[in-house]
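Shown next, in structure tokens, is the structure this report addresses.
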Amino acid sequence: EVGNQVLKEILSGRGTEDVVESIHTLLRNTREALEAGQVAADKFVITKQLTKRPEDYPDASNQAHVQVALCRQKAGKRDGVGAGETVPYVICVEKTTDGGVEEGAASGKGLAERAHHPDELLPAAGANLVPDVSYYLSQQVHPVVSRLCAPIEETNAGQLAECLGLDPSKFNAQ
């Protein structure tokens, strides 16, 4: 969705400086909305198709969609657990007892371990899970926006990262 908005800005026909400022503002606003919990949970859903039965993956522990399928299978669910089916998932962190959240990768859990079916985020599920905002900003939003903005000389991956609250030094060399 952010990528589409950035593309609309780029194709708007407005001056480059105005476009860059609009994109930077959009990214800052997106970060603020994500951090404030103002983005609907369904916007975080990633889907990936199983190419074989989940138990047939040799590297299942490293693949988010396979881990989610295996958990659903173990729970007796029948949808999203067979070859050819699409598995929806959200990369999550756990809420801490003080109301904060774990720091994604710093929690010691790998990406696949932090993947959960969207139903697990529902209050009725009783889970203490929220989408991992850092993951979505750095791995889902930034790469798309950086590619779209690469031809624009007035901005760069580092500046875009900074607007998203990411460490710009990790992106400046790109």
Side-chain angles (χ1 to χ4, degrees), residues 1-7 26-148 160-167 170-171:
E1 190 171 305
V2 174
N4 286 335
Q5 291 173 317
V6 167
L7 188 57
L26 169 67
L27 297 179
R28 284 187 209 97
N29 291 343
T30 298
R31 180 193 76 227
E32 290 169 8
L34 286 167
E35 289 175 347
Q38 298 170 338
V39 177
D42 66 331
K43 299 289 184 191
F44 295 95
V45 176
I46 299 169
T47 57
K48 189 161 182 186
Q49 186 175 26
L50 293 166
T51 57
K52 50 190 156 196
R53 297 179 325 157
E55 56 274 10
D56 292 340
Y57 280 84
D59 58 346
S61 63
N62 296 322
Q63 297 194 48
H65 69 300
V66 178
Q67 284 300 298
V68 171
L70 288 169
C71 286
R72 291 185 60 74
Q73 207 172 41
K74 190 184 282 186
K77 306 289 184 184
R78 296 192 176 271
D79 60 316
V81 298
E85 291 188 285
T86 302
V87 180
Y89 63 93
V90 177
I91 304 300
C92 299
V93 291
E94 291 185 30
K95 294 180 197 172
T96 59
T97 54
D98 64 3
V101 295
E102 289 181 336
E103 280 299 317
S107 69
K109 294 180 181 176
L111 186 71
E113 291 178 275
R114 295 185 289 123
H116 297 273
H117 190 275
D119 290 350
E120 294 179 54
L121 276 71
L122 299 173
N128 219 14
L129 301 170
V130 293
D132 182 348
V133 171
S134 295
Y135 168 81
Y136 284 93
L137 290 172
S138 66
Q139 303 299 317
Q140 299 290 316
V141 176
H142 187 269
V144 171
V145 173
S146 290
R147 282 192 298 275
L148 289 170
L160 299 170
E162 190 170 8
C163 292
L164 291 170
L166 305 172
D167 180 356
K170 293 181 180 179
F171 301 95

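- Among residue pairs with one or both ends in residues 32-50, those qualifying as salt bridge (charged side-chain N to carboxylate O under 4.0 Å, His left out) are Glu1-Lys43, Arg31-Glu35; sequence neighbours excluded.
- Ring pair Phe171/His142 is tilted by interplanar angle, where 30° to 60° counts as tilted.
- A 6.0 Å sphere centred on CD of Gln73 holds more than 12 heavy atoms belonging to other residues, nucleotides or ligands.
- Taking a cutoff of 4.0 Å between a charged side-chain nitrogen and a carboxylate oxygen, Glu94 and Lys109 qualify as a salt bridge.
- Using a 4.5 Å heavy-atom cutoff, the side chains of Val2 and Val144 are not in contact.
- For the side-chain contact (heavy atoms from CB on, under 4.5 Å) with Val87, the qualifying choice from Val68, Val66, Ile46 is Val68, the only one to do so.
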- Let me see the working for Tyr135 and Val90 under side chain to side chain contact (heavy atoms under 4.5 Å, CB included), right down to the final yes or no. CA-CA 10 Å; Tyr135 168 81; Val90 177; over 6 Å; no
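- Between the Tyr136 side chain and the Ile91 main chain, a donor and an acceptor come within less than 3.5 Å of each other.
- The two residues Glu85 and Gly80 make their nearest non-hydrogen contact at OE2-N, 3.4 Å.
- Note that the CD atom of Gln5 and the CG atom of Leu148 stand 12.0 Å from one another [nearest 0.5 Å].
- In this structure, Cys92 and His116 approach most closely via the heavy-atom pair CB-CD2, 3.7 Å.
- Going from atom OG of Ser61 over to atom CG of Leu70 covers 10.0 Å, rounded to the nearest 0.5 Å.
- Note that OG of Ser138 is 6.0 Å distant from CG of Leu166, once rounded to the nearest 0.5 Å.
- For the residue pair Ala69 and Val81, the shortest heavy atom distance occurs at O-CG1, 3.5 Å.
- In this structure, CG on Leu50 lies 5.0 Å from NE2 on His65, to the nearest 0.5 angstrom.
- The CZ atom of Arg72 sits 14.5 Å away from atom OH of Tyr89, with the distance rounded to the nearest 0.5 Å.
- The CG atom of Leu121 sits 5.5 Å away from atom CG of Leu129, with the distance rounded to the nearest 0.5 Å.
- Checking side-chain atoms of Tyr57 against main-chain N and O of Asn62 turns up no donor-acceptor pair under 3.5 Å.
- Remark: the backbone N or O of Ala60 is paired with a side-chain donor or acceptor of Gln67 at under 3.5 angstrom.
- Taking all atoms of both residues into account, the shortest heavy-atom contact from Leu160 to Ser146 is CD1-CA, 3.8 Å.
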- Task: List the steps, then state whether side chain to side chain contact (heavy atoms under 4.5 Å, CB included) holds for Lys77 with Asp79.
- Result: CA-CA 6 Å; Lys77 306 289 184 184; Asp79 60 316; 4.2 Å; yes
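- Nearest heavy atoms, Gln139 versus Pro143: O-CG, 3.5 Å.
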